[in-house]
Amino acid sequence: EDQVTQSPEALRLQEGESSSLNCSYTVSGLRGLFWYRQDPGKGPEFLFTLYSAGEEKEKERLKATLTKKESFLHITAPKPEDSATYLCAVRLDGTASKLTFGTGTRLQVTL
Amino acid sequence: KAGVTQTPRYLIKTRGQQVTLSCSPISGHRSVSWYQQTPGQGLQFLFEYFSETQRNKGNFPGRFSGRQFSNSRSEMNVSTLELGDSALYLCASTNSDSYNEQFFGPGTRLTVL
(Lines give C-alpha, C1' and ligand atoms only; values in the text may rest on other atoms or scores of the structure.)
Protein backbone atom coordinates (compact mmCIF):
# COMPACT_ATOMS: atom_id res chain seq x y z
CA GLU A 1 0.00 0.00 0.00
CA ASP A 2 1.26 3.48 -0.86
CA GLN A 3 2.27 5.39 2.26
CA VAL A 4 3.44 8.90 3.02
CA THR A 5 4.76 9.59 6.53
CA GLN A 6 5.83 12.92 7.92
CA SER A 7 7.94 13.55 11.00
CA PRO A 8 7.97 15.04 13.48
CA GLU A 9 4.26 15.65 14.04
CA ALA A 10 5.06 18.94 15.73
CA LEU A 11 8.18 21.05 16.01
CA ARG A 12 8.86 24.13 18.08
CA LEU A 13 11.84 26.29 17.11
CA GLN A 14 13.24 29.55 18.30
CA GLU A 15 13.65 32.29 15.73
CA GLY A 16 16.90 31.66 13.85
CA GLU A 17 17.12 27.98 14.86
CA SER A 18 17.41 25.98 11.63
CA SER A 19 15.89 22.51 11.30
CA SER A 20 14.52 19.95 8.85
CA LEU A 21 11.15 18.30 8.33
CA ASN A 22 11.00 14.79 6.93
CA CYS A 23 8.62 13.16 4.47
CA SER A 24 9.24 9.47 3.81
CA TYR A 25 7.31 7.55 1.19
CA THR A 26 6.73 3.96 0.19
CA VAL A 27 5.06 4.13 -3.20
CA SER A 28 5.23 2.67 -6.68
CA GLY A 29 5.71 4.95 -9.63
CA LEU A 30 6.44 8.35 -8.11
CA ARG A 31 5.58 11.12 -10.57
CA GLY A 32 6.17 14.05 -8.23
CA LEU A 33 6.56 14.99 -4.58
CA PHE A 34 4.82 18.17 -3.51
CA TRP A 35 5.34 20.42 -0.50
CA TYR A 36 2.64 22.75 0.79
CA ARG A 37 2.28 25.18 3.64
CA GLN A 38 -1.10 25.49 5.36
CA ASP A 39 -2.19 28.19 7.78
CA PRO A 40 -5.12 27.49 10.14
CA GLY A 41 -8.48 27.66 8.38
CA LYS A 42 -6.93 28.22 4.96
CA GLY A 43 -6.20 26.12 1.90
CA PRO A 44 -2.72 24.68 1.36
CA GLU A 45 -0.26 27.02 -0.35
CA PHE A 46 1.93 25.41 -3.01
CA LEU A 47 5.66 25.53 -2.30
CA PHE A 48 7.59 23.02 -4.45
CA THR A 49 7.37 19.98 -6.69
CA LEU A 50 10.32 17.60 -6.91
CA TYR A 51 10.58 14.83 -9.47
CA SER A 52 13.82 12.89 -9.18
CA ALA A 53 16.37 11.86 -6.58
CA GLY A 54 19.01 14.50 -6.08
CA GLU A 55 16.74 17.37 -7.06
CA GLU A 56 16.69 20.47 -4.85
CA LYS A 57 14.52 23.59 -4.88
CA GLU A 58 14.72 26.75 -2.80
CA LYS A 59 12.40 29.56 -1.89
CA GLU A 60 13.44 32.20 0.62
CA ARG A 61 14.30 30.33 3.87
CA LEU A 62 13.01 26.98 2.57
CA LYS A 63 14.92 24.32 0.67
CA ALA A 64 13.43 21.00 -0.40
CA THR A 65 15.47 17.95 -1.33
CA LEU A 66 14.51 14.51 -2.62
CA THR A 67 16.03 11.03 -2.36
CA LYS A 68 14.61 7.70 -3.51
CA LYS A 69 12.88 7.14 -0.17
CA GLU A 70 12.31 10.55 1.39
CA SER A 71 12.22 14.30 1.07
CA PHE A 72 13.43 16.95 3.46
CA LEU A 73 12.22 20.48 3.89
CA HIS A 74 15.07 22.48 5.40
CA ILE A 75 14.16 25.72 7.14
CA THR A 76 17.07 28.09 7.59
CA ALA A 77 16.93 30.83 10.25
CA PRO A 78 13.14 30.60 10.59
CA LYS A 79 10.98 33.56 11.57
CA PRO A 80 7.67 33.53 13.47
CA GLU A 81 5.81 34.01 10.17
CA ASP A 82 7.07 30.58 9.08
CA SER A 83 4.77 29.03 11.69
CA ALA A 84 2.30 26.79 9.86
CA THR A 85 1.57 23.16 9.06
CA TYR A 86 3.80 21.79 6.32
CA LEU A 87 2.30 19.03 4.19
CA CYS A 88 3.95 16.73 1.70
CA ALA A 89 2.10 14.78 -0.95
CA VAL A 90 2.92 12.39 -3.77
CA ARG A 91 1.53 11.98 -7.25
CA LEU A 92 1.75 8.50 -8.68
CA ASP A 93 1.78 6.87 -12.10
CA GLY A 94 -1.62 6.54 -13.67
CA THR A 95 -3.48 8.68 -11.15
CA ALA A 96 -3.69 11.94 -13.12
CA SER A 97 -3.70 14.80 -10.64
CA LYS A 98 -4.57 12.82 -7.50
CA LEU A 99 -2.31 13.65 -4.54
CA THR A 100 -1.78 11.38 -1.54
CA PHE A 101 -0.92 13.46 1.50
CA GLY A 102 1.02 12.87 4.67
CA THR A 103 -0.46 14.07 7.96
CA GLY A 104 1.76 17.13 8.18
CA THR A 105 4.25 18.73 10.55
CA ARG A 106 3.00 21.60 12.72
CA LEU A 107 5.81 24.11 13.01
CA GLN A 108 5.83 26.85 15.62
CA VAL A 109 8.59 29.45 15.57
CA THR A 110 8.89 31.62 18.67
CA LEU A 111 10.82 34.81 19.37
CA LYS B 1 -4.11 35.94 -12.37
CA ALA B 2 -7.01 35.09 -10.10
CA GLY B 3 -6.61 32.08 -7.85
CA VAL B 4 -8.97 29.22 -7.12
CA THR B 5 -12.25 30.42 -5.65
CA GLN B 6 -14.68 28.38 -3.59
CA THR B 7 -18.18 29.24 -2.46
CA PRO B 8 -19.61 29.35 0.06
CA ARG B 9 -16.81 29.68 2.59
CA TYR B 10 -18.90 28.43 5.50
CA LEU B 11 -21.98 26.23 5.74
CA ILE B 12 -24.00 24.84 8.59
CA LYS B 13 -26.39 22.00 7.82
CA THR B 14 -28.29 19.39 9.77
CA ARG B 15 -28.12 15.63 9.43
CA GLY B 16 -30.04 14.27 6.47
CA GLN B 17 -29.82 17.45 4.41
CA GLN B 18 -27.83 17.78 1.23
CA VAL B 19 -25.27 20.40 0.24
CA THR B 20 -23.65 21.71 -2.95
CA LEU B 21 -20.24 23.34 -2.98
CA SER B 22 -18.75 25.26 -5.88
CA CYS B 23 -15.22 25.71 -7.20
CA SER B 24 -13.88 27.97 -9.95
CA PRO B 25 -10.38 26.95 -11.07
CA ILE B 26 -7.57 29.17 -12.27
CA SER B 27 -8.22 30.40 -15.78
CA GLY B 28 -6.91 27.86 -18.29
CA HIS B 29 -6.82 24.96 -15.83
CA ARG B 30 -9.10 22.16 -16.94
CA SER B 31 -8.47 19.71 -14.10
CA VAL B 32 -10.27 20.18 -10.80
CA SER B 33 -9.83 17.88 -7.81
CA TRP B 34 -11.74 17.80 -4.54
CA TYR B 35 -10.36 16.86 -1.12
CA GLN B 36 -11.81 16.45 2.35
CA GLN B 37 -9.71 17.57 5.30
CA THR B 38 -10.48 16.48 8.86
CA PRO B 39 -8.31 16.52 11.99
CA GLY B 40 -8.40 12.74 12.23
CA GLN B 41 -7.88 11.70 8.60
CA GLY B 42 -5.98 14.64 7.16
CA LEU B 43 -6.40 15.47 3.49
CA GLN B 44 -8.16 12.77 1.50
CA PHE B 45 -8.84 12.72 -2.22
CA LEU B 46 -12.50 12.68 -3.23
CA PHE B 47 -12.47 12.89 -7.04
CA GLU B 48 -11.01 14.64 -10.06
CA TYR B 49 -12.78 16.13 -13.05
CA PHE B 50 -11.26 16.89 -16.41
CA SER B 51 -13.17 18.15 -19.43
CA GLU B 52 -16.50 17.51 -17.70
CA THR B 53 -15.61 13.85 -16.98
CA GLN B 54 -14.76 12.23 -13.69
CA ARG B 55 -11.29 10.82 -14.22
CA ASN B 56 -10.41 9.52 -10.78
CA LYS B 57 -12.30 8.72 -7.60
CA GLY B 58 -11.28 8.20 -3.98
CA ASN B 59 -12.73 5.84 -1.39
CA PHE B 60 -15.83 7.75 -0.40
CA PRO B 61 -19.44 6.58 -0.41
CA GLY B 62 -21.78 7.34 -3.27
CA ARG B 63 -23.35 10.17 -1.25
CA PHE B 64 -20.42 12.23 -2.48
CA SER B 65 -20.72 13.24 -6.11
CA GLY B 66 -19.55 15.97 -8.39
CA ARG B 67 -19.68 17.44 -11.82
CA GLN B 68 -17.80 19.83 -14.02
CA PHE B 69 -19.15 22.35 -16.47
CA SER B 70 -17.85 23.37 -19.88
CA ASN B 71 -16.12 26.43 -18.36
CA SER B 72 -14.22 24.07 -15.99
CA ARG B 73 -16.13 25.22 -12.91
CA SER B 74 -16.94 22.30 -10.69
CA GLU B 75 -19.50 21.46 -8.04
CA MET B 76 -19.57 18.72 -5.47
CA ASN B 77 -22.67 17.47 -3.76
CA VAL B 78 -23.09 15.56 -0.53
CA SER B 79 -26.48 13.99 0.06
CA THR B 80 -27.96 12.70 3.31
CA LEU B 81 -25.40 14.48 5.44
CA GLU B 82 -23.89 12.72 8.44
CA LEU B 83 -22.14 14.25 11.44
CA GLY B 84 -18.86 12.78 10.18
CA ASP B 85 -19.09 14.85 7.00
CA SER B 86 -18.13 17.95 8.97
CA ALA B 87 -14.83 18.99 7.40
CA LEU B 88 -12.97 21.50 5.31
CA TYR B 89 -13.64 20.75 1.66
CA LEU B 90 -10.84 21.85 -0.63
CA CYS B 91 -10.73 22.20 -4.35
CA ALA B 92 -7.47 22.08 -6.32
CA SER B 93 -6.82 23.32 -9.81
CA THR B 94 -4.02 22.15 -12.08
CA ASN B 95 -2.67 22.57 -15.55
CA SER B 96 -3.31 19.12 -16.94
CA ASP B 97 -0.50 19.43 -19.47
CA SER B 98 2.11 19.04 -16.77
CA TYR B 99 0.51 18.52 -13.33
CA ASN B 100 3.64 20.17 -11.95
CA GLU B 101 1.75 22.58 -9.72
CA GLN B 102 -1.58 22.17 -7.99
CA PHE B 103 -3.20 25.18 -6.44
CA PHE B 104 -5.78 24.98 -3.71
CA GLY B 105 -8.69 27.24 -2.97
CA PRO B 106 -9.47 28.57 0.52
CA GLY B 107 -11.93 25.76 1.18
CA THR B 108 -15.51 25.48 2.35
CA ARG B 109 -15.96 24.76 6.05
CA LEU B 110 -18.98 22.46 6.41
CA THR B 111 -20.48 21.86 9.83
CA VAL B 112 -23.17 19.19 10.18
CA LEU B 113 -25.31 19.40 13.31
Side-chain angles (χ1 to χ4, degrees), chain A residues 1-10 21 23-25 27 29-52 55-57 59 62 64 66 71 84-106, chain B residues 3-7 9-10 21 23 25-26 29-51 53-60 68 72 74 87-111:
Chain A
E1 185 185 338
D2 299 320
Q3 275 198 312
V4 181
T5 305
Q6 290 188 249
S7 62
E9 284 188 19
L21 313 183
C23 172
S24 63
Y25 57 92
V27 302
L30 181 71
R31 298 290 281 174
L33 187 139
F34 294 68
W35 281 99
Y36 287 88
R37 168 199 170 120
Q38 187 175 27
D39 293 299
K42 297 189 176 181
E45 175 190 344
F46 173 79
L47 294 173
F48 306 108
T49 308
L50 303 167
Y51 293 98
S52 54
E55 189 175 0
E56 299 182 352
K57 288 192 177 175
K59 180 180 178 179
L62 301 177
L66 183 65
S71 178
T85 295
Y86 290 84
L87 297 161
C88 78
V90 296
R91 187 169 82 83
L92 306 177
D93 266 338
T95 62
S97 66
K98 174 185 174 182
L99 295 180
T100 301
F101 280 85
T103 51
T105 294
R106 291 189 313 279
Chain B
V4 180
T5 58
Q6 292 188 245
T7 57
R9 293 294 313 280
Y10 303 93
L21 313 181
C23 170
I26 291 170
H29 286 189
R30 293 190 294 161
S31 170
V32 174
S33 298
W34 289 90
Y35 294 80
Q36 180 195 66
Q37 187 174 31
T38 59
Q41 299 295 319
L43 266 151
Q44 293 191 294
F45 175 81
L46 281 156
F47 29 66
E48 180 208 356
Y49 284 85
F50 175 78
S51 291
T53 301
Q54 187 181 89
R55 190 158 62 171
N56 211 341
K57 191 177 189 309
N59 296 324
F60 280 82
Q68 187 179 33
S72 295
S74 177
L88 182 66
Y89 289 88
L90 293 158
C91 156
S93 155
T94 186
N95 180 339
S96 51
D97 290 336
S98 63
Y99 298 112
N100 60 350
E101 296 172 332
Q102 286 197 39
F103 299 96
F104 282 82
T108 295
R109 170 71 64 185
L110 172 65
T111 302

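Each chain gets a letter, A, B and so on, in the order the sequences are listed, and its residues count up from 1.
Within the 4.5 Å cutoff, no side-chain heavy atoms of A/Arg91 are placed close to those of B/Thr94. Between B/Tyr35 and A/Leu99, the closest side-chain pair of non-hydrogen atoms falls below 4.5 Å.
Across B/Arg55, B/Gln44, B/Arg109, B/Glu101, the residue that shares the most heavy-atom pairs under 4.5 angstrom with chain A is B/Glu101.
With a 4.5 angstrom heavy-atom cutoff, A/Thr95 touches chain B via backbone and side-chain atoms both. At a 4.5 Å heavy-atom cutoff, the contact between A/Gln38 and chain B is made by side-chain atoms alone. At a 4.5 Å heavy-atom cutoff, A/Phe48 makes no contact with chain B through either its backbone or its side chain. Residue contact with chain A, scored on non-hydrogen atoms closer than 4.5 Å, involves the side chain of B/Gln37 exclusively. Only the side chain of B/Leu90 comes within contact range of chain A, with at least one heavy atom under 4.5 Å from a heavy atom of that chain.
Checking side-chain atoms of A/Tyr36 against main-chain N and O of B/Gln102 turns up a donor-acceptor pair under 3.5 Å. Not a single donor-acceptor pair under 3.5 Å links the side chain of B/Asn56 to the backbone N or O of A/Lys98.
Around CZ of A/Arg106, the count of heavy atoms belonging to other residues, nucleotides or ligands within 6.0 Å does not exceed 12. Residue-environment remark: CG (B/Asn59) stays at or below the threshold of 12 foreign heavy atoms within 6.0 Å.
Of all the heavy atoms in B/Arg9 and A/Gly41, the pair that sits closest is NH2-O, 4.1 Å.
For the residue pair B/Ser33/A/Ser97, the side-chain donor-acceptor check at 3.5 Å is satisfied.
From A/Lys42, atom NZ reaches atom CG of B/Leu88 across 12.5 Å, with rounding to the nearest 0.5 Å.
For B/Phe60, the ring-ring contact (aromatic ring centres under 6.0 Å, His included) criterion is met by B/Phe64, not counting sequence neighbours.
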